[in-house]
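One structure is given below, represented as structure tokens, and several questions about it will come after.
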Amino acid sequence: MSDPAVFDADLMQGWEMTVDRLITHAERWHGTREVVTRLADGRISRTTWAATAHRARQVTAALIAQGIAPGTRIGTLAMNSARHVEVWYGVMGHGAVCHTLNPRLFDDQLIYMINHADDRWIFVDPVFRPLMERLLPHCPGVAKVIYLGDPGEAGALSGAAVDYEALIAGADPASARWGQFSERDPAALCYTSGTTGNPKGVQYSHRSQLLHTLISGQKDFLGLSSRDTLLSVVPMFHVNAWGLPFIAAAAGSKLVLPGARLDGAAVYELLETEAVTFTAAVPTVWQLLLDFLTVNQLQLTTLKRVAIGGSACTEALIRGFRDGHGVEVLHAWGMTEMSPIGTISGPLPPSLGTPDEATRMAYNLKQGRVPFGVDMKITSDDGVDQPHDGAAPGHIKVAGPSILQRYFRDDKPAVDAEGYFDTGDIGTIDPHGYLQITDRSKDLIKSGGEWISSVEIENIASGHPKALLAAVIAIPHPKWRERPLLVIQLRPGETATAEEMLAFLKGKIATWWIPDGVQFIEAMPLGATGKLDKKVLRARYATTAA
Ligand code: ADP
């Protein structure tokens, strides 16, 4: 008799899912595909996946030579560039943890994150040298700062500060042996922006990152191919650029990295000169681009698809891309804790048949459907599953291999008894499986005991031809406890009255949802990832009478 233990065992290869495999794949099978960077001075620098992998190994070799042990946190304070990509693969390939820091955060938030993570080295873009020098005296654990520019670009350096090119110049890539660790080991660390309390760390494992790459790369989702040219406008410090530098390596796409300039003119120029087919960023970036195109009467000639997420995508944006430029919009929802992809509204499923234009738009405005690899439910305040009828709102809870279980350095589980993570978002799910976010639980407006969706009112208000950006917040009310206030940033040169803004909403939402007032604002406050900062608005208008 043969031994059943041998036959019943897993007979397939134990191929650890570590992220170095992604760039090794790109190096071996898509080695000549380009990685293009717009440098700080505007010059374009071209390299390839093969050369990027080579230099990433040099980063690993430098870490080894200087005694950095696997598991050590290594920070980056940088915009998107090939050097940043080399550092992230070099750090992760070594088994160290790449902690991407957002340079737009306040100093005290960055100091908290660097110290909480115990970052030992930080790779910094030369433009952020003044910021780094302000932070350093408060971050005693940081032993080395490496400036990611050409030699001398950061100015004269001494002590713990060195030039990146000098660091890797003598490093022998052959001494870097990648993937000598478990797929469960940590690869990367990102902090949530901490809109309430201290920022919280989300530590991704190699396995969670690699599975996220496969999950989000599916055809109905980001679906990139070797024929795509991908412009990652979303910064690498915003949830690892939504995983795009991993997905691009897996697919063998050409990768374009825009550096610091993300204004309409700069993004347009890269889209056209590099013949970009796919791009991704938060709505505010796309608003700027579409405005630039309209004002200058320009056309996008190569772009096929744009992923828009991080906050709700408006009808004006979808129309601007689709009707104005023939570009398909993928409206994505997710968060740091989900690596980040949760749902995407892109191509419609067959169950919707061939809907008319209004129905199509209604579905594109929803946040979309889950890919394989994300499970989702909505529950009432007391935890009861809500029906998928498109009407009953609930707390959105998610489970999957690239979703957080526990925050970094926190011993409490962040999931419920069934293993679901409460996203803090509120939404409905319809019979076609479409999620629609109605609010973040902390942005909810509760008027007379009923919820009002700030997101829905914002979507409609931002469609007013004179409005550039719209936000709806709760203000205190003696009778109803809270009432909505509409805050509008008008397009340059426009003037408008509160009455005409409110008249635009009439008939489109329930009468009791109509905001009690309108405030016009010069410039909408934006948070560190380019989203509207409602916290600032709430503080500013807290005493506004409803
Ligand atoms: P933060 O905004 O707190 O810095 P994240 O980038 O992780 O952190 O943002 C996640 C949050 O952004 C989600 O919980 C959700 O409220 C919001 N969000 C993301 N995508 C969308 C979307 N497509 N529509 C509406 N809200 C979104």
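Indexing begins at 1, ligand by ligand and atom by atom, following the structure's order.
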_Check the orientation of Y407 and F421. Use parallel for under 30°, tilted for 30 to 60°, and perpendicular for over 60°._
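The arrangement is perpendicular - the two ring planes meet at more than 60°.
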*Kindly identify the option in N102, L365, T336, L435 whose heavy atom sits closest to atom 7 (O) of ligand 1.*
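Residue with the shortest heavy-atom distance to the ligand atom: T336.
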*Determine, using heavy atoms of D425 and all atoms of ligand 1, whether some pair is separated by less than 4.0 Å.*
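So D425 counts as touching ligand 1.
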*Between the side chain of R184 and the main-chain N/O of S205, is any donor-acceptor distance below 3.5 Å?*
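Checked: no pair found.
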*Report the relative orientation of the aromatic rings in H116 and Y112; use parallel for angles under 30°, tilted for 30 to 60°, perpendicular for over 60°.*
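Plane angle under 30°, so parallel.
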*Sole residue of H388, E418, H395 in side-chain hydrogen bond (donor to acceptor under 3.5 Å, both in side chains) with K377*: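 Considering H388, E418, H395, a side-chain hydrogen bond (donor to acceptor under 3.5 Å, both in side chains) with K377 is found only for E418.
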*For ligand 1, is there an atom lying under 4.0 Å from some heavy atom of H238?*
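Right, H238 reaches ligand 1.
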*Short question: side chain of T277, backbone of T229 - any donor-acceptor pair under 3.5 Å?*
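Yes, the answer is positive, given that a donor and an acceptor are paired below the 3.5 Å cut-off.
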*Please check if the side chain of H138 supplies one atom and the backbone of I111 the other of a donor-acceptor pair under 3.5 Å.*
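Side chain of H138 to backbone of I111: no pair is present.
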*asked:* For ligand 1 and G309, I'd like to know whether there is a polar contact (N/O to N/O, distance under 3.5 Å).
replied: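 Between G309 and ligand 1 (N or O atoms, distance only) the closest approach is not under 3.5 Å.
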*asked:* For ligand 1, which is the ligand I care about here, please tell me if M335 has any N or O atom under 3.5 Å from one of the ligand's N or O atoms.
replied: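 No, no N or O pair falls under 3.5 Å.
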*What do you reckon, does E337 have a nitrogen or oxygen under 3.5 Å from a nitrogen or oxygen of ligand 1?*
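For ligand 1, there is no N or O atom that lies under 3.5 Å from one belonging to E337.
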*asked:* Give the atom numbers and elements of ligand 1 that come within less than 4.0 Å of a heavy atom of A312.
replied: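 Per the distance check, 22 (C), 24 (N), 25 (C), 26 (N).
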*Does G424 have a heavy atom less than 4.0 Å from any atom of ligand 1?*
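In this structure, G424 fails to qualify as a contact of ligand 1 - no heavy atom is under 4.0 Å.
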*Hey, is ligand 1 close enough to C313 that some N/O pair sits below 3.5 Å?*
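No.
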_Is it the case that ligand 1 has an N or O less than 3.5 angstrom from some N or O of K531?_
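For ligand 1, there is an N or O atom that lies under 3.5 Å from one belonging to K531.
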*Dump the intermediate steps for side-chain contact (heavy atoms from CB on, under 4.5 Å) on L135 and D107, then the final yes or no.*
CA-CA 7 Å; L135 304 177; D107 288 14; 4.0 Å; yes
